[in-house]
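Below is one structure, written out as structure tokens; comments come after it.
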Amino acid sequence: MNPLVLDPTLKTESPIIVALDYNDEKAVMNLVAKLSPDLCKLKVGKELFTTGGPELVKKLVVSGYKVFLDLKFHDIPNTVYKACKAASNLGVWMLNVHASGGQKMMEMAKTGIVEAEHQPLLIAVTTLTSMTQEDLTQTGITTAINTHITNLAQLAYNSGLDGVVCSANEVGHIKEHTSPQFLTVCPGIRLTQEITDDQQRIMTPLLAIQNNADYLVIGRPITQAADPYITLTEILFSLNRFLFDSTTFKA
Ligand code: C5P
């Protein structure tokens, strides 16, 4: 009998991005030392970047981690072009911009990446998950929020971006209106439905992956766990079992 070979489309790299929501480099390096680049990627947001700066980002990259620099650029096209080029040169794996900056801005963001020494993935934020329909209307946008999110995702896709940040509930709809390959990066992940913190629309890691989410952004459930390493490996184990069970094997 021929040996069974895993379907090559199986996701073998870890889909977990740990959100480093700290303002203290020491705490970050402490946590990072307990984790491993084989098990997760890292997200550096505005707070940590403002405190630790590009040097900290480079340090994480040199440690072997894939880093998502979550600075959500939103400015005139030329400024975003230069910012994306500078950020790419830090060696990060993923960058993001606001889709509401428009097609010209997103295309220039992409150009900045193409011209840089390293080419990270470029994704867009459609509508902040903190925004309600009422908040959107206050900004002068009267379109239904879900339609607005889909429109912005399509604009990001047409601008040549690699994907969007979205809720795991929106993955199917977004991929349907763009492409199955258009990446979906999903925050709002909780290990049980009971603990939500300040997230509104939450989903477990397994359900999010079953919904075809490509990457899961997880902060507090891992960073505030008694043992972050054990929690991370437990999550991966639950996902691997799902991926394994649902995989088509070839003879
Ligand atoms: O601790 P928690 O798992 O809620 O962290 C989620 C992370 O994802 C935070 O860094 C948060 O800023 C980020 N995020 C989010 N919702 C978005 C975009 C980013 O929660 N729409």
Side-chain angles (χ1 to χ4, degrees), residues 11-20 25 28 32 37-38 40-128 149-166 174-175 177-187 213-217:
K11 293 167 192 162
T12 48
E13 65 171 300
S14 169
I16 298 180
I17 305 172
V18 176
L20 299 175
E25 181 168 344
V28 168
V32 164
D38 294 333
C40 65
K41 294 149 179 60
L42 303 173
K43 182 172 89 69
V44 174
K46 288 187 170 95
E47 182 187 18
L48 184 58
F49 187 77
T50 305
T51 320
E55 289 313 313
L56 176 59
V57 174
K58 285 194 224 163
K59 217 176 193 177
L60 297 171
V61 171
V62 167
S63 317
Y65 281 96
K66 287 187 173 176
V67 176
F68 169 19
L69 189 57
D70 178 19
L71 296 182
K72 301 184 182 72
F73 293 131
H74 188 180
D75 212 310
I76 58 170
N78 190 50
T79 302
V80 170
Y81 155 72
K82 288 183 185 167
C84 285
K85 196 167 172 176
S88 301
N89 285 337
L90 296 177
V92 299
W93 160 75
M94 182 180 272
L95 274 185
N96 61 359
V97 296
H98 271 281
S100 54
Q103 182 154 355
K104 277 189 210 124
M105 188 205 80
M106 287 192 275
E107 285 173 350
M108 285 297 278
K110 186 77 189 174
T111 304
I113 285 177
V114 170
E115 291 179 6
E117 290 160 25
H118 303 272
Q119 279 74 45
L121 294 167
L122 179 61
I123 60 165
V125 174
T126 54
T127 302
L128 293 170
I149 289 171
T150 308
N151 291 345
L152 287 174
Q154 283 179 321
L155 191 64
Y157 179 68
N158 293 335
S159 306
L161 269 64
D162 299 296
V164 284
V165 179
C166 65
I174 285 175
K175 285 188 184 274
H177 287 82
T178 56
S179 149
Q181 279 74 43
F182 196 54
L183 299 175
T184 49
V185 179
C186 303
D214 294 288
Y215 295 104
L216 313 181
V217 177

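Note that these values count all heavy atoms, side chains included, but never hydrogens, waters or copies made by symmetry. Starting from 1, each residue takes its place in the sequence as its number.
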So do [Y] and [X] actually touch side chain to side chain, heavy atoms under 4.5 Å?
X      : Y      : value
Tyr65  : Leu20  : no
Tyr215 : Glu13  : yes
Met108 : Val80  : no
Ile149 : Ile174 : yes

Can you list, pair by pair, the side-chain donor-acceptor contacts under 3.5 Å of residues 51-61, counting residues two or more places apart and other chains?
unit_1: Thr51; atom_1: OG1; unit_2: Glu47; atom_2: O; d: 2.7
unit_1: Glu55; atom_1: OE2; unit_2: Lys58; atom_2: NZ; d: 3.4
unit_1: Lys59; atom_1: NZ; unit_2: Glu25; atom_2: OE2; d: 2.7

Backbone of [Y] reached by a side-chain donor or acceptor of [X] within 3.5 Å:
X      : Y      : value
Asp162 : Leu122 : yes
Glu115 : Lys85  : no
Asn89  : Ala116 : no
Asn96  : Leu71  : yes
Ser159 : Leu161 : no

Worksheet entry | Electrostatic pair Lys175:Asp214 at N-O distance under 4.0 angstrom | yes
Worksheet item: When rounded to the nearest 0.5 angstrom, what is the spacing between CG in Asn151 and OG in Ser100?
Response: 12.5 Å
Worksheet item: How are the rings of His74 and His98 set relative to one another: parallel (under 30°), tilted (30 to 60°) or perpendicular (over 60°)?
Response: tilted
Worksheet entry | Val165 vs Lys72, side chain to side chain contact (heavy atoms under 4.5 Å, CB included): CA-CA, chis, key distance, verdict | CA-CA 10 Å; Val165 179; Lys72 301 184 182 72; over 6 Å; no
Worksheet item: Which atom pair, heavy atoms only, marks the closest approach of Cys84 to Leu95?
Response: O-CD1, 3.7 Å
